[in-house]
Every structure is written in C-alpha cells, then in structure tokens.
Amino acid sequence: MLGIVRQKMLEQSLKKIRPAVSVLRSYSSAAKQMTVREALNSALDEEMSADSKVFLMGEEVGEYQGAYKITKGLLDKYGPERVLDTPITEAGFTGIAVGAAYYGVKPVVEFMTFNFSMQAIDHIINSAAKTNYMSSGRISVPIVFRGPNGAAAGVGAQHSQCYAAWYASCPGLKVLAPYSSEDARGLLKAGIRDPDPVVFLENELLYGESFPVSDEVLDSSFCLPIGKAKIERKGKDVTIAAYSKMVGYALKAAETLEKDGIDAEVINLRSIRPLDRSTINASVRKTNRLVTVEEAFPQHGVGAEICASIVEESFAYLDAPVERIAGADVPMPYAANLERMAVPQVEDIVRAAKRTCYRLVS
C-alpha cells in the first residue's frame with residue numbers, strides 16, 4: 001500500500017516537472033553516453049542504409065576501418081563498391097567524387113586531415129561550390145567533405161590548421177563544425193541529406209570524448225537543422241560564442257566565471273556557413289557583451305565575422321568592446337609547451353569575459 005502511495009506521489013511530482021523540462025530541452029534530454037566517434041559512425045551507417053546512393057571514399061576508410069576508426073565495420077556491411085579505399089591523391093579522388101555527385105549519387109569524402117584538403121581545393125571550390133550557381137540551378141552537388149580539422153597534439157604546423165574561415169568565405173558551400181555527439185550525429189545526417197556541398201569539420205581530440213544523448217538523438221530519423229546555433233548554457237552577463245572543441249573550453253570558463261558572480265551565456269555555433277546571426281545578436285542584446293572563441297588565426301577569422309555582424313546589427317546594445325580569442329598568428333609549433341601557448345586556453349576566455357564585465361583581471 002505504501003508503495004502505491006509513493007508511486008502516485010512520484011507521478012504527481014513528474015507531472016509538475018515535465019512542462020519545465022520540455023521548455024528547456026534542446027533535442028538532447030540526457031540518458032545514454034556516446035562518443036563522438038560512435039556518433040559519426042552511426043550517422044554514416046544509418047544514412048548508407050537508408051539511401052543506396054550514399055557511398056564513402058578516402059584513404060584507409062575500408063580495409064583499415066578508417067584512420068580514426070570513424071568508418072569501422074562499414075566495409076564489411078556495405079562492400080567495396082560503397083566503401084572505397086583510395087590512393088594518397090586528394091586531388092584525384094576528390095575530383096572523382098565531385099563528378100559522381102554531378103551524376104546524382106552522394107559521396108562522403110574523408111580527408112585524413114583537412115590540411116590535406118588543400119591538395120583538392122580546386123575541386124571543392126571551383127568544381128563543387130560554384131557549379132549549382134553557374135548551371136542556373138540545373139546541377140546540384142550533393143557531397144560531404146569530412147575529416148579532422150584544427151589542432152591535434154604534437155603533429156606540427158602542416159597538420160594543425162583550422163580551415164573554418166577559409167571554406168566559410170566561399171559561396172556555394174555549407175560549413176559545419178560539431179562539438180558534441182548530438183552535433184556529430186545530427187549535423188552529419190543533415191549534411192548527407194543536403195543537395196549542396198558540405199564541408200564537415202571535426203576535431204580529432206573530440207573523437208574519444210563521451211557526451212549524453214537522448215533516445216530522440218539515437219533515433220534514425222534524427223537530424224539537426226543547418227544554420228541553427230545552440231545555446232549550451234543560458235546566462236545574462238556576457239555572451240561567449242564558440243565552435244568545435246572551443247565550446248567545451250567556453251563551458252569550463254563559464255563555470256569558473258560563475259564563482260566570481262558572472263553569468264555567461266555559451267553559444268555553440270554548430271554551423272559556420274550559414275551563420276546563425278539572429279541567435280548571436282539576440283544573445284548580445286540580452287547580455288550586452290560578447291567574447292568569440294576559435295582555434296584559428298585571428299585575422300579574417302570566424303570571430304571577426306561575428307564581431308562585424310554585432311557592430312552592424314547590435315552596436316547600440318554593447319556595454320563594452322567585443323573580445324576575440326583566437327589562435328596565435330603563427331604556424332603551429334611542434335614543441336608541446338609552445339603548442340599550448342598557440343591555442344586558446346580556458347583561462348584566456350575567463351580573462352576576456354572579465355574584461356568585458358569590467359572586473360579586475362589577475
């Protein structure tokens with residue numbers, strides 16, 4: 001009898017709680033844990049299963065199961081006609097993939113690092129990005145270029161550059177940068193389903209990170225909208241806008257700032273092009289302060305574009321100068337101590353946020 005009473009009391013309590021939960025929820029509502037690597041693998045698997053036009057190609061994506069094991073198990077499941085190992089020739093296999101997309105199939109091209117996409121940039125920009133416009137909309141190019149982007153660890157300058165701003169400056173491309181497992185699943189699915197070429201910038205250091213995912217995220221129909229940012233943490237004192245790995249740093253900075261009485265709002269951009277200017281501007285109009293965070297070089301960066309947007313659309317709402325946190329304006333050093341100095345750290349974000357709030361910075 002006592003158990004029945006407790007059950008009824010619990011049900012009544014849940015009825016009171018549920019409306020509040022549904023309002024706050026943004027796709028993911030806690031539950032299982034999933035790594036970013038598993039999220040990407042499952043997204044590829046489900047999209048290949050749902051659409052026979054989707055196929056994978058790149059260096060070591062098949063027999064070796066992927067250089068980072070993102071494509072693990074897919075060769076055995078779908079065979080060598082849909083999971084194609086390529087020679088080490090980015091210009092060659094990217095050109096073949098773009099031609100295949102012209103024909104109507106949906107290639108997913110893996111670069112072992114986006115630094116190597118420079119070998120194929122003519123096909124990505126001149127062949128993929130511009131064709132729909134130049135053909136008056138008659139030719140769509142449904143292709144995804146994906147792989148690790150930005151700094152890894154101890155791999156030197158030629159493997160550590162962030163190309164978000166490079167590709168986001170080109171009309172005709174959509175540029176996505178996931179942070180969490182939810183982002184990875186939902187955005188990769190969206191990219192594969194999109195009729196336009198998509199540059200999908202992952203982060204090698206996030207592949208093994210686990211994040212909570214809900215049943216909704218795990219559903220095969222789950223898909224995130226391209227061009228929509230996510231407010232990871234609500235706040236009222238300062239807006240921190242970041243993407244990819246820097247979102248995690250921004251969230252840690254927000255925890256530190258909270259101890260000093262500063263309530264930071266953290267925006268996960270998710271989409272670099274198109275950029276969700278409305279969400280960023282709405283946040284800044286509420287907090288009256290802005291800090292942008294990115295690993296890339298400061299000049300002509302994503303942060304610079306966001307700051308320009310705020311100055312154009314929300315300048316009158318600013319109570320302090322905007323702050324940009326970016327990587328050092330140098331090629332990535334190899335030495336570990338110098339490497340750490342070349343990329344933003346949590347303490348850099350904390351100091352910038354305190355400056356915008358006119359707090360003393362130690």
Side-chain angles (χ1 to χ4, degrees), residues 36-37 39-41 43-44 47-48 54-72 74-75 82-101 105-129 141-153 155-170 172-178 183-184 187-188 190-192 194 196-207 243-245 272-273 295-296 331-332:
V36 171
R37 177 181 288 106
L40 293 168
N41 178 269
L44 290 171
E47 293 306 301
M48 292 180 75
V54 179
F55 72 95
L56 314 180
M57 64 189 305
E59 296 155 5
E60 300 182 346
V61 298
E63 293 288 347
Y64 190 66
Q65 310 283 310
Y68 305 96
K69 301 299 178 270
I70 304 300
T71 54
K72 184 177 180 179
L74 300 182
L75 174 63
R82 294 185 65 194
V83 182
L84 285 74
D85 280 320
T86 67
I88 304 175
T89 169
E90 283 79 11
F93 66 72
T94 303
I96 291 170
V98 173
V105 291
K106 300 178 180 180
V108 178
V109 176
E110 177 178 310
F111 295 118
M112 199 173 290
T113 162
F114 253 91
N115 295 265
F116 299 163
S117 73
M118 294 296 95
Q119 301 291 323
I121 198 166
D122 180 50
H123 292 302
I124 298 170
I125 302 298
N126 282 326
S127 301
V141 190
I143 187 170
V144 174
F145 305 102
R146 56 154 294 271
N149 171 70
V155 291
Q158 292 176 317
H159 299 76
S160 299
Q161 189 170 330
C162 174
Y163 288 92
W166 283 52
Y167 286 117
S169 68
C170 183
L173 291 178
K174 293 175 180 175
V175 182
L176 307 178
D183 293 353
L187 291 175
L188 184 53
I192 293 172
D194 199 274
D196 296 319
V198 172
V199 172
F200 197 83
L201 304 173
E202 301 154 15
N203 186 287
E204 180 183 340
L205 299 180
L206 286 175
Y207 284 149
Y243 62 92
S244 190
K245 186 171 181 282
I272 310 301
R273 186 185 183 106
E295 281 188 356
M332 180 63 68

Going from [atom1] on [X] to [atom2] on [Y], what distance comes out if it is rounded to the nearest 0.5 angstrom?
| X | Y | atom1 | atom2 | answer |
| --- | --- | --- | --- | --- |
| Ile121 | Ser127 | CD1 | OG | 11.5 Å |
| Thr113 | Gln158 | OG1 | CD | 10.5 Å |
| Lys245 | Glu204 | NZ | CD | 11.0 Å |
| Arg146 | Glu202 | CZ | CD | 4.0 Å |

Exercise for the section: Ignoring hydrogens and angles, tell me if any N or O in the side chain of Thr71 forms a donor-acceptor pair with the backbone of Gln65 under 3.5 Å. Expected result: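 Yes, Thr71 side chain to Gln65 backbone: donor-acceptor pair under 3.5 Å.
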Problem - Backbone N/O of Val61 and side chain of Glu110: donor-acceptor pair under 3.5 Å - result: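 No; zero donor-acceptor contacts below 3.5 Å.
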Exercise for the section: If the plane angle is over 60° it's perpendicular, under 30° parallel, otherwise tilted; pick one for Tyr167 and Tyr163. Expected result: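 Tilted.
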Exercise for the section: Fit a plane to each ring of Tyr207 and Tyr68, take the angle between them on a 0 to 90° scale, and name the class: parallel (under 30°), tilted (30 to 60°) or perpendicular (over 60°). Expected result: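 Aromatic pair Tyr207/Tyr68 classed tilted.
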Exercise for the section: Answer whether the closest heavy-atom distance between the side chains of Asn41 and Leu74 falls below 4.5 Å. Expected result: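 Asn41 reaches Leu74 side chain to side chain.
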Problem - Lys69 atom NZ, neighbour heavy-atom count above 12 within 6.0 Å - result: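 Count over threshold, so yes.
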Exercise for the section: Give the minimum heavy-atom separation between Lys106 and Ile192, together with the two atoms involved. Expected result: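 Residues Lys106 and Ile192, closest heavy atoms: CD-O, 3.9 Å.
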Handout entry: Sole residue of Cys170, Pro197, Ser169 in side chain to side chain contact (heavy atoms under 4.5 Å, CB included) with Ile125
Key =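 One option only clears the test, and that one is Cys170.
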